[in-house]
Amino acid sequence: MHWADVLADELLKEDKKHVLATGITPSGPIHIGNMREILTTDSVYRCLLSKGGDAELIYVADDFDHLRKVYPYLPKTYEKYVGMPISEIPCPCGKHKSYADHYLISFLNALKEIGVKPKIYRANEMYKSGKYNDSIQIALQNTEKIKEIIQKISKRELPKGWIPFNIKCEKCNRLTNTKPILYEYPIIEYKCDCGHSGEIDIKKGGVGKLPWRVDWPARWKMLNVTFEPFGKDLGTVGGARDTGKAIVDEIYDYPAPKYAVYEFIMLKGMGAMHSSKGTALSAEELLNMTPPEVLRFLIVNNQPDKHLVFDSGIGLLNLVDEYDKFERVYFEKEEAIKGMKELKKTYELSQPYDIAKTIPFQLPYRHLVTLVQIGEDWKEVKKILLRTQQIPKNLSVDDENHLKQRAEHARYWLDNFAPDMVKFEVKQKIPKVNLTKEQIKFLNSLLKNLSSITWEPENIHNAIYDSSEEDKIPIKTAFNTIYQIILGQEKGPRAGYFLSNLDKKFVIERVEQAIK
RNA sequence: GGGCCUGUAGCUCAGCUAGGUAGAGCAUCUGGCUUUUAACCAGGUGGCCAAGGGUUCGAAUCCCUUCAGGCCCGCCA
């Protein structure tokens, strides 16, 4: 059984409405690791629905959380905002309503692309509208009990006078510098390091925030959460999950949600990703280079508790190939090979939107990577594909959009992540090359042989070999020569296919120029 | 110090949530093939399933112990 089905079955043991939650603090570029949380939850959600369960998928953005420090990707001037809620800090690019929005919006766009449609909650709105008020009051009533729970389970000493509420200073706007002096419902008197003393009324929303270890369980109860996965960092003994479970049980009288612990995703050659260390690949970049179905496939095809390595180099091409193979097997165009586990479910969960009724048109991705380097844009690539009859004239709109989308991903990848090995440029003018007599001789034969053939990969391929044989020139030299005069480099894509995608006239003229 | 995960062919891994004769891809070798940015076809070689113990008629699979590796926690969230 697929892991998402196993989790869904676990939830279905209880016949009620399930709320599957996922929560990420938009304090920095949202990265591929966060995608795992989203996609893990979405997969379970989809399985639950397909089994006839009643379920809702929600996403809570904790945008009332405070800025921890000036992250490496922030200007130094952000020093003055440390400690303030990220929804109340200016946007780094100036185009969004707030710091939180800056990162959140791009993430929400990414969600759309991968076909995840959660109901969205924003913590800052929930606090300000008073949704948290009951939870806050209950927490404050149980200050001693909560303190005890946290100290016992996390083995951490909390300071004297600690209360489960971080007051936001009315003057400096920071959540981190205030100390409570006296609590008498509903008023808390406090003092802030900035020099300000004052009092707040907890019945008014947004005057402060529950600390994370209390906020989380409070949220479970408030939103009736029944399932929420989290990263291994939170799963540790004595961590937020442990204290949260005790707090939600004993203080909020609500059962802790079921969960899955997921491992991190490593970036090949870079180790684990941390948005706070700037070693992360943003969700945006990730999606720009990876077709959405392939990204889903990466997550869905692996158990959450296995760490993954995302290779933004050649490995990405292999991943796409692997996905395409799954697709062919799913549509029974090919035999399954052993090791393709849970093929049907995995393929279905990989689809951002609907599952196609018949197999989508496939063009080998590596070939597409070559094509987008020949054609300037999709229009030209399409022209080549049509001319060479690699796509049918009556290609469906869906198929064309799919191909086009993939071409865009391939292009982004080439521009930003691809190793030089796979890159080339068809030179508009003949590159400066010093050809040997041998090479010229070969080109002469090639010219003759190419002129007489129909412009198809195999014919071209044969023409190259014929020429090299006639002149007794090593085949390696033959290929090198071709790449030199067209690309200005020693190596290139498989010559037959490659040249067939170029205009015959262009190639012939280039060879003629080279001989002169 | 604590936790999670991993250990199966030279490499990457599947098989472990149904306990029932050890699998795939790559690499290698043989044969075919006109030697290309990770080419194709047919076939072959290759494993004490980390080690030890337990449960069982039967264990890669379940349980315990040990060893090795990776990551996380031990600030804040």
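The chains referred to below are lettered A, B, ... by the order of the sequence lines, with proteins before strands, and numbering in each begins at 1. From a predicted model like this one, the values you see are computed outputs, not experimental measurements.
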For atom CZ of A:Phe326 and atom P of B:rA24, their distance in whole Å: 16 Å
Sugar-phosphate, base or nothing in reach of A:Arg213, heavy atoms under 4.0 Å: nothing
Aromatic ring pairing A:Trp216/A:Phe230, orientation class (parallel under 30°, perpendicular over 60°, tilted between): perpendicular
Gap between atoms CD1 and C1', on A:Ile150 and B:rC73 respectively (whole Å): 16 Å
Touch class at under 4.0 angstrom, heavy-atom based, for A:Asn318 against every strand present: base
Under the ring pair (Phe, Tyr, Trp, His ring centres under 6.0 Å) test, residues paired with A:Phe424 that sit two or more places apart: A:Phe498
Exercise: identify the closest heavy-atom pair between A:Pro257 and A:Arg241: O-NH1, 3.1 Å
Closest heavy-atom pair and its distance - A:Leu414, A:Val369: CD1-O, 3.6 Å
Between P of B:rU36 and CG of A:Leu487, the distance in whole Å: 17 Å
Counter-base of B:rA24, judged by Watson-Crick or G-U geometry with both distances under 3.5 Å: B:rU12
Nucleotide nearest A:Arg366 (side chain, heavy atoms from C-beta), chosen from B:rA38, B:rU36, B:rC4: B:rA38
Sugar-phosphate, base or nothing in reach of A:Leu234, heavy atoms under 4.0 Å: base
Nucleotide forming a Watson-Crick or wobble pair with B:rA68, both distances under 3.5 Å: B:rU6
Span that lies between the P atom of B:rC75 and that of B:rU12, in whole angstrom: 36 Å
Distance, C1' atom - from B:rG19 to B:rU55, rounded to whole angstrom: 11 Å
Residue A:Asp466, side-chain heavy atoms: nucleotide from B:rU34, B:rG2, B:rA39 that is nearest: B:rU34
Touch class at under 4.0 angstrom, heavy-atom based, for A:Tyr483 against every strand present: base
Presence of donor-acceptor pair under 3.5 Å, side chain of A:His461 and base of B:rU34: no
Which nucleotide in B:rC72, B:rC76, B:rG70 has an atom nearest any side-chain atom of A:Glu263: B:rG70
C1'-based separation of B:rG47 from B:rU56 [nearest Å]: 25 Å
Residue A:Lys306, side-chain atoms from C-beta onward, closest of B:rC5, B:rA14, B:rU34: B:rA14
Side-chain N,O (A:Tyr465) to OP1/OP2 (B:rU36) below 4.0 Å: no
Interatomic distance, A:Asp305 CG vs B:rC71 P [rounded to whole Å]: 17 Å
Spacing between A:Lys232 atom NZ and B:rG2 atom C1', to the nearest angstrom: 13 Å
Same-atom distance (C1') from B:rG15 to B:rU21, integer angstrom: 15 Å
Per A:Val237 side chain, nearest of listed nucleotides B:rC76, B:rC72, B:rG3: B:rG3
Atom-to-atom span, NZ of A:Lys345 to C1' of B:rU17 - whole angstrom: 16 Å
Partner nucleotide, any strand, of B:rU17 [Watson-Crick/G-U, under 3.5 Å]: none
Touch class at under 4.0 angstrom, heavy-atom based, for A:Gly492 against every strand present: base
Upstream residue (5' side of RNA chain B) when A:Val6 and A:Ile475 are each assigned their closest nucleotide: A:Val6
Strand partner of B:rC62, provided both Watson-Crick or wobble distances fall under 3.5 Å: B:rG54
Sugar-phosphate only, base, or nothing, as touched by A:Lys476 at under 4.0 Å among non-hydrogen atoms: nothing
Whole-Å P distance, B:rC40 and B:rC72: 38 Å
Nearest-Å distance for atom pair CD1/C1', residues A:Ile265 and B:rC5: 15 Å
Of A:Arg36, A:Gln303, A:Glu37, the residue whose pairing with A:Tyr262 passes side-chain hydrogen bond (donor to acceptor under 3.5 Å, both in side chains): A:Glu37
Set of side chain to side chain donor-acceptor pair (under 3.5 Å) partners for A:Lys448, sequence neighbours left out: A:Glu470
Whole angstrom value for the distance that separates P of B:rC76 from CZ of A:Phe64: 20 Å
Touch class at under 4.0 angstrom, heavy-atom based, for A:Ile464 against every strand present: nothing
Salt bridge (charged side-chain N to carboxylate O under 4.0 Å, His left out) assessment of A:Glu14 paired with A:Lys258: CA-CA 11 Å; A:Glu14 276 187 87; A:Lys258 296 218 162 50; 3.7 Å; yes
Same-atom distance (C1') from B:rG25 to B:rC64, integer angstrom: 35 Å
Closest non-hydrogen atom pair, A:Val320 against A:Pro291: CG2-CD, 4.3 Å
Watson-Crick or G-U counterpart of B:rG1, or none if no pair lies under 3.5 Å: B:rC73
OP1 or OP2 of B:rC76 under 4.0 Å from side-chain N/O of A:Arg156: yes
Watson-Crick/G-U partner (both atom distances under 3.5 Å) of B:rU30: B:rA42
